[in-house]
*Asks:* 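Quick one: the structure is below, questions incoming.
Below, read A as the first sequence line, B as the second, and so on, with proteins coming before strands; counting in each chain starts at 1.
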4 protein chains.
Amino acid sequence: MADHLAGRIAHGELTANMPLPSERRLAEEYGVSLGTARHATRVLRVRGLVVTIRSKGTYIAPDAKAQAQEQLAGSNGASGHA
Amino acid sequence: MADHLAGRIAHGELTANMPLPSERRLAEEYGVSLGTARHATRVLRVRGLVVTIRSKGTYIAPDAKAQAQEQLAGSNGASGHA
Amino acid sequence: MADHLAGRIAHGELTANMPLPSERRLAEEYGVSLGTARHATRVLRVRGLVVTIRSKGTYIAPDAKAQAQEQLAGSNGASGHA
Amino acid sequence: MADHLAGRIAHGELTANMPLPSERRLAEEYGVSLGTARHATRVLRVRGLVVTIRSKGTYIAPDAKAQAQEQLAGSNGASGHA
DNA sequence: GTGGTCTAGACCACA
DNA sequence: GTGGTCTAGACCACA
């Protein structure tokens, strides 16, 4: 689920400073439990793709698109500066 | 809203040890915000009509019916020992 | 163990859509290891007698009773179309 | 809960290479849910006080005692080399 | 028999 | 009305 969201960020569907749907909404959209949706936003936060402000929401990081593209490329087997 | 719930307890619709609907559900049923629903359950808690167990739920207190009837009588204009 | 459970299904003790005890519980009830209990539910699943929903539980299949009776009859020495 | 376990490590009750009770057992001993016990072991893992080997268990790290004492001192308001 | 991941919720602090 | 933490379980891969 985190990878799917990362893909939407890399693709440009979700852009800088845009609020992510709330974890409750994400859980409904993806048909998963709240805990799983929370795990996904935590993963994105650790990857630096989103920023969470408690009681406000979770937002796409300013440089998320480039980072997401880099991370997805990196997981496709390539080593980056090979 | 707290008084309305107290009335349902006094009337016997909500009985001892029964779980109260969740705060989210109460907010929906009464068409109010979460904060308002929380305020109502807090009032009931202070009155001793319900007991809250964190992460589990809120339950009608064992002696809630009698207490609710007493409290509602008290608030009907009489001053207690008039 | 799978056969014993299949017997309980054929007999009607365990009926359609009823949840099976959890694998941990089954292991305790039958006094076997978790692995053995898992093997049993897997066998029942392959036979179509139960349906497993991950993180939710294992449930008796809607047509489990008839299937279990058929399967047990088949395993009582007869070869099927003899 | 993680802090309480860290205290037991700092105190020397739980020593290097000793296996921590399983998460299920910890949950029972502390009277919390499995998820909370898991959170506690994850915190200890991040702090470097324990090492987890999947399917085997969780073990006190070789240098856990010193690290635990340092960390607890650090959270008591002191800055370390003041 | 362990840790890993997941379901389907709950109440809570805070804005 | 958000994210945070929690309950009380479930099945799963792996050793």
*Asks:* Can you check side chain to side chain contact (heavy atoms under 4.5 Å, CB included) on Arg25(B) and Glu28(B), steps first, answer last?
*Replies:* CA-CA 5 Å; Arg25(B) 193 149 194 70; Glu28(B) 284 170 19; 4.0 Å; yes
*Asks:* Kindly give the heavy-atom pair with the smallest separation between Ile9(C) and Ala68(C), and that separation in Å.
*Replies:* CG2-CB, 3.9 Å
*Asks:* Looking at Glu29(A), I'd like to know if its CD atom is crowded, meaning that more than 12 non-hydrogen atoms belonging to other residues, nucleotides or ligands lie closer than 6.0 Å.
*Replies:* yes
*Asks:* Indicate the atoms forming the closest heavy-atom contact of Ala6(C) with Arg47(C), along with that distance.
*Replies:* CB-NH1, 3.7 Å
*Asks:* Could you tell me which non-hydrogen atom of Leu26(B) sits nearest to which non-hydrogen atom of Ala37(B), and how far apart they are?
*Replies:* CB-CB, 4.3 Å
*Asks:* Name every residue in residues 19-32 of chain D that has at least one heavy atom under 4.0 Å from any atom of DNA chain F, in order of residue number, or write none if there are no such residues.
*Replies:* Arg24(D), Val32(D)
*Asks:* Applying a strict under-4.5 Å side-chain criterion to I, L, V, M, F, W and Y, I'd like to know whether Leu44(C) and Tyr30(C) cluster together.
*Replies:* yes
*Asks:* Using both pair distances under 3.5 Å as the test, note the stems of at least 3 consecutive Watson-Crick or G-U pairs that include DNA chain E.
*Replies:* E:1-14 with F:1-14
*Asks:* Establish whether Val32(C) and Leu5(C) are linked, either directly or via other cluster members, by ILVMFWY side-chain heavy-atom contacts under 4.5 Å.
*Replies:* yes
*Asks:* 5' to 3' on DNA chain F, which nucleotides open and close the contacts with chain D (atom under 4.0 Å from a heavy atom)?
*Replies:* dC6(F) to dA15(F)
*Asks:* Just so I know, are the side chains of Glu23(C) and Leu34(C) near enough to count as touching, which here means a heavy-atom distance under 4.5 Å?
*Replies:* yes
*Asks:* Would you name the heavy atoms of Ala40(B) and Met1(B) that are closest together and state the gap between them?
*Replies:* CB-CG, 3.8 Å
*Asks:* For DNA chain F, determine which residues of residues 36-45 of chain C have any heavy atom closer than 4.0 angstrom to one of its atoms, and list them numerically.
*Replies:* Arg38(C)
*Asks:* To the nearest 0.5 Å, how far apart are CZ in Arg8(D) and NE2 in His11(D)?
*Replies:* 10.5 Å
*Asks:* What are the residues of residues 52-61 of chain A, sorted by number, that bring a heavy atom to within less than 4.0 Å of DNA chain F?
*Replies:* Thr52(A), Arg54(A), Ser55(A), Lys56(A), Gly57(A), Thr58(A)
*Asks:* Compile the donor-acceptor pairs under 3.5 Å between side chains in residues 48-60 of chain D and protein atoms, sequence neighbours left out, one pair per line.
*Replies:*
{"unit_1": "Thr52(D)", "atom_1": "OG1", "unit_2": "Arg45(D)", "atom_2": "NH1", "d": "2.7"}
{"unit_1": "Thr52(D)", "atom_1": "OG1", "unit_2": "Thr58(D)", "atom_2": "OG1", "d": "3.1"}

*Asks:* Do Leu14(A) and Val43(A) share a hydrophobic cluster, counting only Ile, Leu, Val, Met, Phe, Trp and Tyr and linking them when any side-chain heavy atoms are less than 4.5 Å apart?
*Replies:* no
*Asks:* Using heavy-atom distances to pick each residue's nearest nucleotide on DNA chain E, tell me which of Ser33(C) and Leu34(D) is more 5'.
*Replies:* Ser33(C)
*Asks:* Ignoring hydrogens and geometry, is there a side-chain-to-backbone donor-acceptor pair from Thr41(A) to Arg38(A) under 3.5 Å?
*Replies:* yes
